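The structure appears below as structure tokens.
Worth saying up front: this structure is predicted, and the values here are computed from it rather than measured.
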Amino acid sequence: MSSVASSADAQATAETRDRGKAQGLSSTVIAIAMLFAIGVALRFWDLGHRALHHDESLHAYYSWRFAELFTYEHNPLMHGPFQFHAIASVFTIFGDSDYTVRIAAATFGSALIVMPYFLRDYLTRPGAVIASLFIALSPTLLYFSRFARGDMFVAVFTLGMVLCIWRYLANPRLVYLGGLALCLGLSFATKETTFITALIFIAYLNVMAGIELWKDRVTESSSRPRRLAQATLLIVFAWAVVSVRPVLNRLRGAGDSRPLPAAAAPLLVMGLLTAPQFAAAAQVPLRAAGVDLARQWTTFYGSAMTTEVYLGIAGVAFLLLATFAVGLSWNPRAWVVAAAAFYLPYILLFTTLGTEQDGFASGIWGSLDYWLDQQDVRRGNQPWFYYLMTVPIYEFLSLVLAIPAAIVAIRRGDPFRRFLLFWLAATLVALSIAGEKMPWLTVHLALPLALLAASYLGPLLAELGSRLARARPFEVAWPVAAVIAAVVLLGFSLRSSLVASFEHSDEPYELLVYVQTTQELVNIADEIGAEAERSGLGLEVPIIVDSRDGFTWPWAWYLRDYANVGFIELSDDYQPAPGSIVLANAGNAENFDSSAYDRQVRYQHRAWFPEAYKSVPATDFLASIFDGGTMSRWLNFFFYRDFDLEIGHIDGIAMFPADYSAVAAPE
């Protein structure tokens with residue numbers, strides 16, 4: 001009788017535990033769903049109010065041409081093709097406007113909010129909710145979720161890779177390797193920051209695999225120096241071991257029967273698929289050695305066959321053959337799934353669904369080739385400490401919590417927490433070294449920062465709950481203080497998000513806004529529409545746009561429906577055709593006779609954040625922070641966005657003719 005009762009008690013306990021687990025999971029889903037709804041509202045509300053930024057207008061215009069004419073050719077200047085396919089798809093469904101051009105980014109930014117749910121086993125369920133909260137309200141992630149750039153797409157694909165890697169390590173299923181390959185391929189087809197992220201993830205997986213290999217080989221009889229040498233070699237060259245062993249085993253028919261480390265599979269998938277993307281890096285040592293890569297050897301169907309072309313063909317072909325050989329030797333089924341998930345979308349996107357045959361070469365060679373050259377250009381000309389300003393100003397909530405999280409990760413953290421810390425630190429170093437530094441790249445720091453902070457606060461909340469349940473108030477002082485501080489900082493973070501994305505969204509009072517097209521330009525665009533209707537010419541009205549200082553953008557977008565628009569830099573001897581509306585750079589306005597224009601409206605074309613910090617010597621930056629005057633100015637900016645510097649701007653002049661009689665009316 002007692003055994004029956006004992007069995008019944010055990011069953012009841014198990015049912016209670018399962019019911020509690022299900023209730024906890026349900027509450028997690030509800031909480032994240034609520035955060036998702038809030039995030040969607042913040043990302044889609046009044047999405048078309050802000051004038052299109054210079055870069056946004058490029059993405060919008062070429063996506064519009066793609067939707068209208070089905071013409072798109074990959075150009076590394078504007079990054080990968082994914083965002084153009086995504087935006088063009090939105091245009092096809094909803095039409096083209098300042099609102100719809102941002103729908104794709106807002107959609108991906110919203111999707112990012114729910115993704116921490118799938119990391120709940122690592123973050124804890126409270127940690128997953130907190131990560132979703134931090135992502136939903138992050139000033140950086142919110143602002144660039146409302147911005148037509150590729151960074152939000154890359155953020156989703158990057159977190160997708162993280163999910164697939166760590167879910168595979170917990171439950172090695174083929175679907176996770178396929179998902180990892182798919183996210184990696186889509187990320188490469190979106191933006192070149194993927195080169196940095198892929199190397200960071202590969203490096204960490206390499207260390208994990210190396211440690212496992214070393215533990216599998218170490219013997220107590222080995223001397224300490226020998227064990228240290230083995231550990232160093234295996235941690236550095238784990239990728240070589242896991243790549244070569246399957247090939248040798250297949251060639252010999254038998255070999256090392258020990259299983260590969262758990263991290264070997266995602267390491268092989270990422271490493272083998274990434275290797276061909278780095279083919280263009282071979283130019284760096286060759287140029288340093290004095291090789292003339294521009295030397296032309298012959299022509300082929302009218303194209304010059306230079307040393308670089310031959311190097312590209314040979315390098316890409318070799319790496320593709322080598323990686324496929326290793327992949328098939330390792331696990332034919334897994335490799336075919338991973339390669340198909342990576343290359344099929346990649347090829348379709350870069351070749352515009354097979355209509356642009358040069359797209360594959362442009363992607364696999366041209367992407368890195370172009371951006372390697374751009375490192376010396378240093379667009380933006382930002383100092384090395386640029387992200388040491390943007391992150392504390394906007395991501396202070398996650399940053400404050402990430403400090404104890406980093407300490408915990410180093411001292412007694414699990415591999416996942418250490419991965420988050422490594423991802424964040426390596427990205428910060430890489431972006432600080434890179435030649436081009438821009439505010440939108442802060443997205444790639446804000447994401448791991450939010451996850452790292454959540455990995456600390458989530459378990460802390462769970463611990464607080466257990467301590468409260470034990471009714472030991474003296475044990476909860478530190479957790480309660482940390483939670484209160486987080487709530488206070490959350491209020492400041494929400495305020496910062498709303499101010500940046502709504503109050504200052506089109507005014508460069510924010511580092512995030514950087515350079516922005518003004519509302520005055522949009523007003524001029526509306527005036528042109530009214531003038532075109534008044535003239536009787538409608539969309540046939542002739543318009544001349546001065547292209548000096550990049551004034552083509554965003555006018556190419558705002559005048560996309562007009563049939564008679566010319567873009568030319570106005571010179572001393574230029575005279576526009578009678579009856580033409582002229583949009584001149586203010587610096588060129590005196591270059592021609594404007595007596596035929598009875599109405600001239602000066603407007604700010606674009607404005608930018610004052611960059612006085614550039615004058616601070618790099619060696620003095622950290623020391624200057626603790627100067628009383630500097631600290632006071634930063635705090636004034638932090639709390640009030642107040643600074644005593646003039647916002648920079650460049651002006652244009654819109655000139656409307658007295659009459660349009662010289663222009664033939666459309667039939």
Item to check | Where Val101 and Ala148 come nearest, the two heavy atoms and their spacing | outcome: O-CB, 3.7 Å
Next on the checklist: Applying side-chain hydrogen bond (donor to acceptor under 3.5 Å, both in side chains), can you list everything that pairs with His504, at least two apart in sequence or on another chain?
Outcome noted: Glu510
Next on the checklist: Taking the ring of His79 and the ring of Trp371, is the distance between their centroids below 6.0 Å?
Outcome noted: yes
Next on the checklist: Please find the pair of heavy atoms, one from Ser432 and one from Lys437, that lie closest to each other, and give the distance.
Outcome noted: O-CE, 2.8 Å
Next on the checklist: I'd like to check the side-chain contact (heavy atoms from CB on, under 4.5 Å) partners of Ala486; sequence neighbours left out, ordered by chain and number.
Outcome noted: Leu401, Leu457
Item to check | Side chain Asp506, main chain Ala51, donor-acceptor under 3.5 Å | outcome: no
Checklist entry - Do Leu52 and Arg102 pass the side chain to side chain contact (heavy atoms under 4.5 Å, CB included) test, and can you show the C-alpha distance, the side-chain angles, and the key distance before you say yes or no? => result CA-CA 10 Å; Leu52 256 65; Arg102 295 171 176 139; 3.6 Å; yes
Next on the checklist: Within the structure provided, determine whether Leu512 and Phe144 are in side-chain contact (heavy-atom separation under 4.5 Å).
Outcome noted: yes
Next on the checklist: Can you pull out every ring pair (Phe, Tyr, Trp, His ring centres under 6.0 Å) where at least one residue sits in residues 436-455? Sequence neighbours excluded, please.
Outcome noted: His53-Trp440
Checklist entry - Which heavy atom in Trp384 sits nearest to a heavy atom in Leu388, and how many Å separate them? => result CZ3-CD1, 3.6 Å
Checklist outcome for this item: For Glu611, the side-chain contact (heavy atoms from CB on, under 4.5 Å) test, sequence neighbours excluded, returns Gln382, Tyr514, Tyr613, Lys614
Checklist outcome for this item: Rounded to the nearest 0.5 Å, the CG atom of Leu349 sits from the NE2 atom of His85 at a distance of 5.0 Å
Checklist entry - Can you list the residues that meet the salt bridge (Lys or Arg N to Asp or Glu O under 4.0 Å) rule with Arg50, with sequence neighbours excluded? => result Glu56
Checklist entry - Can you name the closest pair of heavy atoms from Glu212 and Ala262 and give their distance? => result OE1-N, 3.1 Å
Checklist outcome for this item: By side-chain contact (heavy atoms from CB on, under 4.5 Å), Ser367 pairs with (sequence neighbours left out) His74, Glu192, Phe350
Item to check | Where Ile103 and Phe44 come nearest, the two heavy atoms and their spacing | outcome: O-CZ, 4.1 Å
Next on the checklist: Enumerate the side-chain hydrogen bond (donor to acceptor under 3.5 Å, both in side chains) contacts for residues 492-502, please, sequence neighbours excluded, ordered by first and then second residue.
Outcome noted: Ser496-Arg641
Next on the checklist: Looking at His59, is its backbone amide N or carbonyl O close enough to the side chain of Arg149 to form a donor-acceptor pair, meaning the two atoms are under 3.5 Å apart?
Outcome noted: no
Checklist entry - Would the number of heavy atoms belonging to other residues, nucleotides or ligands and lying under 6.0 Å from CH2 of Trp45 be above 12? => result no
Enumerate donor-acceptor pairs with a distance under 3.5 Å from any side-chain N or O in residues 406-415 to protein atoms, sequence neighbours excluded.
{"from": "Asp414", "atom 1": "OD1", "to": "Phe416", "atom 2": "N", "distance (Å)": "2.9"}
{"from": "Asp414", "atom 1": "OD1", "to": "Arg417", "atom 2": "N", "distance (Å)": "2.9"}

Next on the checklist: Any non-hydrogen side-chain atom of Ile647 less than 4.5 Å from a side-chain atom of Tyr509?
Outcome noted: yes
Item to check | Close side-chain approach of Ile165 and Phe201, heavy atoms under 4.5 Å | outcome: yes
Item to check | Within-4.5 Å side-chain heavy-atom neighbours: Ile211 and Val207 | outcome: yes
Next on the checklist: Can you confirm whether Trp423 sits close enough to Thr158 that some side-chain heavy atom of one is under 4.5 Å from a side-chain heavy atom of the other?
Outcome noted: yes
Item to check | Pair Phe157 and Phe82, ring centroids less than 6.0 Å apart | outcome: yes
Checklist entry - If you round to the nearest 0.5 Å, how far is CG of Asp151 from NZ of Lys191? => result 3.0 Å
Next on the checklist: Exactly one of Leu421, Thr124, Leu460, Leu420 should register a side-chain contact (heavy atoms from CB on, under 4.5 Å) with Ser455. Which one does?
Outcome noted: Leu420
Checklist entry - What distance do Leu159 atom CG and Leu119 atom CG have between them, rounded to the nearest 0.5 Å? => result 6.0 Å
Next on the checklist: What's the separation between atom OG1 in Thr190 and atom CE in Met152, rounded to the nearest 0.5 Å?
Outcome noted: 12.5 Å
Donor-acceptor pairs are to be reported for all side-chain atoms of residues 133-140 against protein atoms at under 3.5 Å, with residues two or more places apart or in another chain.
{"from": "Ser138", "atom 1": "OG", "to": "Thr140", "atom 2": "N", "distance (Å)": "3.4"}
{"from": "Ser138", "atom 1": "OG", "to": "Leu141", "atom 2": "N", "distance (Å)": "3.1"}
{"from": "Ser138", "atom 1": "OG", "to": "Glu395", "atom 2": "OE1", "distance (Å)": "3.1"}
{"from": "Ser138", "atom 1": "OG", "to": "Glu395", "atom 2": "OE2", "distance (Å)": "2.8"}
{"from": "Thr140", "atom 1": "OG1", "to": "Glu395", "atom 2": "OE2", "distance (Å)": "2.8"}

Item to check | Sidechain-backbone polar pair: Thr427 side chain, Leu445 backbone, donor-acceptor under 3.5 Å | outcome: no
Checklist entry - Would you find more than 12 non-hydrogen atoms of other residues, nucleotides or ligands less than 6.0 Å from Phe278 atom CZ? => result yes
Item to check | Distance-minimising heavy-atom pair for Tyr394 and Leu511 | outcome: OH-N, 2.9 Å
Checklist entry - Any sub-3.5 Å donor-acceptor pair from Ser187's side-chain atoms to Cys183's backbone N or O? => result no
Next on the checklist: Please evaluate residues Leu286 and Gln283 with respect to the criterion side chain to side chain contact (heavy atoms under 4.5 Å, CB included), reporting the C-alpha separation (whole Å), side-chain torsions for both, the decisive distance (0.1 Å), and the verdict.
Outcome noted: CA-CA 5 Å; Leu286 292 175; Gln283 298 173 93; 5.5 Å; no
Next on the checklist: Any heavy-atom pair between the side chains of Tyr387 and Thr442 that's under 4.5 Å?
Outcome noted: yes
Checklist entry - Just by distance, do the side chain of Tyr143 and the backbone of Leu498 share a donor-acceptor pair under 3.5 Å? => result no
Item to check | Member of Phe84, Phe147, Phe108 meeting the ring pair (Phe, Tyr, Trp, His ring centres under 6.0 Å) criterion with Phe153 | outcome: Phe108
Checklist outcome for this item: Hits for side-chain contact (heavy atoms from CB on, under 4.5 Å) against Val114, two or more places apart or cross-chain, chain-then-number order -> Ile32, Phe36
Item to check | Residues which pass side-chain hydrogen bond (donor to acceptor under 3.5 Å, both in side chains) with Tyr122, listed by chain and number, not counting sequence neighbours | outcome: none
Checklist entry - Where the side chain of Arg167 meets the backbone of Phe118, is there a donor-acceptor pair that is under 3.5 Å apart? => result yes
Item to check | Heavy-atom side-chain contact between Ile235 and Trp214 under 4.5 Å | outcome: no
Checklist entry - Should the ring pair Phe638 and Phe396 be called parallel, tilted or perpendicular, given that the plane angle runs from 0 to 90° and is split at 30 and 60? => result perpendicular
With a cut-off of 3.5 Å and sequence neighbours excluded, list every side-chain donor-acceptor pair involving residues 264-277.
{"from": "Thr274", "atom 1": "OG1", "to": "Met270", "atom 2": "O", "distance (Å)": "2.7"}
{"from": "Gln277", "atom 1": "OE1", "to": "Tyr346", "atom 2": "OH", "distance (Å)": "2.9"}

Item to check | From CG (Leu260) to CG (Leu213), nearest 0.5 Å | outcome: 7.5 Å
Next on the checklist: I want to know whether Phe419 and Trp166 have ring centres closer than 6.0 Å.
Outcome noted: yes
Checklist outcome for this item: CD1 (Ile393) and CG (Leu399) are apart, to the nearest 0.5 Å, by 11.5 Å
Item to check | Criterion side chain to side chain contact (heavy atoms under 4.5 Å, CB included) on Leu397 and Leu490, from CA distance to verdict | outcome: CA-CA 6 Å; Leu397 169 59; Leu490 180 63; 3.7 Å; yes
Item to check | Residue pair Leu184 / Met161, side-chain heavy-atom distance below 4.5 Å | outcome: yes
